[in-house]
Amino acid sequence: MSDIAKIEKKWQKRWRKDHVFEVDPDPKRKKFFLTVPYPYVNGALHIGHGRTYTIGDVIARYKRMQGFNVLFPMASHMTGTPIQGMVDRIKAGDPVAIEQYKRDLRLYFDTEEEVDAQLAKFVDPWTTASFFAKVISQDFDALGLGIDWRRRFTTGDKEYNKFVEWQYQKFKDKGYIKQGNYPLLYCPKDGNPVGEDDLLEGATAKIKEFTAIKWPFEDGFLVAATLRPETIFGVTNMWIHPTKKYVWAKVDGEKWVVAKAAVEKLRLQAKTVEVLETFSGSKIIGKKFRAIHDEHEIPILPAEFVDVNNATGVVYSVPGHAPFDYIALRDLWDNPSGLEKFGISAEDVRGISIIGMIDMKGYSEFPAKDAVERRNIKSQKEGEKLEDATQEIYKAEFYDGVMKDNCEQFSGRMIKDVKEDVVEWMRSINRVDVFYEPDERPVVCKCGTDVQVGVFAGQWFLDYTSPGWKDKTRGALASMDIVPDTYRVLFENTFDWLTQRPCARKRGIGTRLPFDPDWIIESLSDSTIYMAYYTIAHHIRNNKLKPDQLTPAFFDYIFLGKGTPLKVSKSTGIASTLLETMQNEFRYWYPNDQRHTNPAHIPNHLSFALFHHVAIFPKKYWIKRISISEYLVMAGGKMSKSKGSVIPLVEVPKKYSADVFRVYAMAAAEPASLMEWHERDVSAMTGRTRQFYDIMSKYAKKTPKVFTKQDNVSMATRWIVSRVNTIVENCTNFIENFRLRDYAINATSEMIRVVNQYLKRPGIPKEERDATMAYVCDIWVRLATPLMPHMCEEIWSKIGRDGYISVADWPKPNKKLIDREVETSYEVVESTIRDIREIVKLMKGKKAKTAHLYVAPEWMFKAMNSIRKAKLSIVVGDIMKHLMSNEDFRIHGKEVKSIVDRIAKENGLWAHSSSSKSERFALNDSASHMKSELGMEIVVHSSEKPEYDPQNKARFALPGRVSIFLE
RNA sequence: GCGGAGGUUGCCAAGCCAGGUCAAAGGCGUUGGGUUUAGGUCCCAAUCUUGUAGAAGUUCGCGAGUUCGAAUCUCGCCCUCCGCACCA
């Protein structure tokens, strides 16, 4: 084990031993309650998770050093189907699943035998979950996360289930939970709904809802499914496939004609279907059915293009507005010969007139005809072109189309506005139903079966449109911090489209609905207010409270303050003092001050969390702030286990060291941007952390001393003291504004550079330098602690400080020591060095021995300061006027003009000392530094009366821009 | 389709909201120099082009506009990524 690894382990052990991160309520201190969503414990985590949790920890550590009583708890998520699914697949001997688990297990075991032995134990989800929960908690510790583990639990715990039951009973009481029919992708063979993971093909398939229109026919209905129900006014005929099988069936008590292939689908969609008669399509072709709106008779015609496997296999024809229908009808007009056998004459067909029922700019009476002719489509077989034409018409009519006056009560209205109303009207006269299909094909289950849409009767869902709920939650969002605020709009959009959301399933692990135990609460719906549970989880465990004791009255008392401890104690058998303790603890910690996670959680978890908080808790307990950080990607692509492009979290401390990972993860990208993992940059970060450590080892002291101006110390010392305080001020602001990258860069790279530059300065007395460095180190080590907690603890103890730096004070910037003048002078010196170097470069090898520097006259400094103070815009005339109005400047007329020209050219003012004298002082003070940097003597002159100026350079001097002569 | 984010100098990545000090921070890479340098070390400098002494020119997806002044504001266009529901 490397030294650094030993150091990290050592401090993790000590933190644990001294319970540094285990926190209890302390009324005397401000609290800060931070959460990051608990991980799903069905496998090993990777560095992407590491980034998210580390960001949380950096915030927690910063707040802790700011003096807050910080609670950062963690638990494990195991409800839902993934763990169950994986366990089932392992038991079934699925080699892919087995290999996937072995890959994860090899991270934790050295030999293949141990891996196999552990895998053999994975016969139920609980064992699997508890194994990964354990190793993940170790991985978190190894990363230096300051977690209060006493409060850990899993979502599969019986006690936690009682909490979720309480939550859902509350929803039920409020009327937020409803039951209804709900369509899902469904595997007929497995008899189960299928999720994305269950699919072999068609992973992106969604459910498309068709309107099934029931056209009166004989003593029942011809049922045709459509996406364009408003076109019923344009119907001219029905299309039936002549050779495919159709049925007369009794569907929920009505007689329907549909394709035979649709029977099973209807059954899956919660219809009762009894087939009365099976027949070939040709049998009904030539017969008549009746229109919806006026009951006029319309013929049934044959069409080969009808796909009986799609929807009901019955298609009503609107040739004026549907390119497929137009082409099919045109073909029959052109060649009616095949119709005789159905008892249809050529005259009958030619007598059908196309109906235009939608007005639209840029199209004729029959838009379908336009679209077909524009593409020069010749036959029904040109499927792709027809599809394209259909898309065009669909879109154009939807947005621009207006119902013509042959559309009864809907005439004159826009299609996009009228669609729903047409369906509603048909529903009122019992002419519609709903039919679902996947929006793409094929969709195939892993078992090889074609996936269908199943309608779950009695599906429980949360109705986010329940009166008042959404508005109240919008209010909660408006008063909440979202960092970065750019993500706020994503919440708003989610809130807009959130309607009914199924909250329970029939399979998987989880809490049963208290009022309908056949259903298991779905795993995104059981993890929304659990932050509250952290506040009491350890009490429940330590006092061995039984699930039965955790009654609704118990939770009502703790979380909502209902009832009295005595009463609740009586009904639950829990000591009233304990009840009071728990209630106090909840009241101390809640609300959740900050919840940090990824943007992927916005449309689901985070939105649910807000809704559920609003539903259950009073306003004072709503989440205060949500912060978001993006993913970590490897070499341009998302990390993916299947591609093997992942670095497991467990390897981080071994391969890089926790501190290096933490610094790198913070410094490589701002939280809100996608971070690219570059192996090379990580090793560069190793060097930087080591250097930090080396500097600390050399200069950190138990008792630092700070030199100030009064001590008559060198400019360099005053400069570094000022710089360090500036950096502390900046870093504090950066963290407060969630700019963790800027913080990390300043606390590492920038500090290293500052220190190196200081140490490079010659002529600083050793005592002054060492004392100053001790002062710098004292600040720096604190500043770096959230990033590199292990190394900082090590240094802290090495210099003999008591306690842990993890709970030491965050440095406060000493504003009195921030000296802009000194920092500016330093800038001037540095830019002078750069200028001299540039001249040297252009001298092409000619060596200069001496650099004569001419500092601008005092009036110019006054002029610059005067412009700055006047806050003028950079317009030559304005600045001239400003300066010329002052006698002191006017006497320098010509030179004033050249300064102003320069300002205009530079597009603004630049850094310079406050006066000629202080600029000369700064340059003189740094003369030895410049000499050692440049290898030449430095002579500083006043440009007003230079002792030596053979090339008359002095006149070019400007404040902050000394004129230079090299010889 | 709907909604969102974004395109910056070899790569990564700041800046953009609050226009000027932006040839544009920081890191990586590259080049040169230094350090008796165990070490995938550390330090310094340079790294758009040109250059007659510290300067000039051309850049921030493309095109136009506003302004004394635009990487930043406005409009149009092109391209990339993400989410869209039962899935954690």
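Throughout, protein chains are lettered first and strands after them, A, B, ... in sequence-line order, and every chain is numbered starting at 1.
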Toward the 5' end of RNA chain B, by each residue's nearest nucleotide, L498(A) or A669(A): A669(A)
Could you check T486(A) against A504(A) and say which one's nearest nucleotide on RNA chain B is further toward the 5' end? T486(A)
Is the ring pair H612(A)/Y168(A) parallel, tilted or perpendicular, if the boundaries are 30 and 60 degrees? perpendicular
Please state whether the rings of H912(A) and F861(A) are parallel, tilted or perpendicular, taking 30° and 60° as the class boundaries. perpendicular
Any N or O donor-acceptor pair under 3.5 Å from the base of G54(B) to the side chain of S963(A)? yes
Any donor-acceptor pair, under 3.5 Å, between the side chain of R837(A) and the base of A53(B), if you only look at N and O atoms? no
Any idea which of [options] is nearest the [X] side chain?
| X | options | value |
| --- | --- | --- |
| Q691(A) | G54(B), C28(B), C43(B) | C43(B) |
| K953(A) | A25(B), A53(B), G27(B) | A53(B) |
| N493(A) | G54(B), A25(B), G4(B) | G4(B) |
| S673(A) | C87(B), A14(B), C28(B) | A14(B) |
| D742(A) | A53(B), C87(B), A14(B) | A14(B) |
| R741(A) | A14(B), A88(B), C87(B) | A14(B) |
| N756(A) | C43(B), G27(B), A88(B) | C43(B) |

With a 4.0 Å limit, can you tell me whether [X] has a side-chain N or O closer than that to the phosphate oxygens OP1/OP2 of [N]?
| X | N | result |
| --- | --- | --- |
| T81(A) | C87(B) | no |
| R505(A) | A88(B) | yes |
| Q757(A) | C43(B) | no |

Under a 3.5 Å distance rule, please check whether Y664(A) uses its side chain to pair with a backbone N or O of T686(A) as donor and acceptor. no
Using atom types as modelled and distance alone, determine if a side-chain donor or acceptor of S525(A) lies under 3.5 Å from a backbone N or O of I521(A). no
Applying a 4.0 Å non-hydrogen cut-off, can you work out what [X] is touching in the nucleic acid: base, sugar-phosphate, or nothing?
| X | value |
| --- | --- |
| L966(A) | base |
| R753(A) | sugar-phosphate |
| Q459(A) | nothing |
| L490(A) | sugar-phosphate |
| D694(A) | nothing |
| A668(A) | sugar-phosphate |
| H601(A) | nothing |
| E838(A) | base |
| F965(A) | base |

Would you tell me whether [X] and [Y] have side-chain atoms, one donor and one acceptor, within less than 3.5 Å of each other?
| X | Y | value |
| --- | --- | --- |
| S527(A) | H77(A) | yes |
| Y436(A) | Q452(A) | no |
| S673(A) | E670(A) | no |

Using the [atom1] atoms only, state how far [M] lies from [N], rounded to an integer number of Å.
| N | M | atom1 | value |
| --- | --- | --- | --- |
| U49(B) | C44(B) | C1' | 25 Å |
| C16(B) | G40(B) | P | 41 Å |
| C28(B) | A46(B) | P | 16 Å |
| G54(B) | C68(B) | P | 31 Å |

Could you work out, with side-chain contact (heavy atoms from CB on, under 4.5 Å) as the rule, every residue matching Q179(A), not counting sequence neighbours? W460(A), D516(A)
Review item, nucleotides 35-40 of chain B N/O atoms under 3.5 Å of protein N/O:
none

Applying the ring pair (Phe, Tyr, Trp, His ring centres under 6.0 Å) test to Y464(A), which of Y176(A), F495(A), F608(A) qualifies? F608(A)
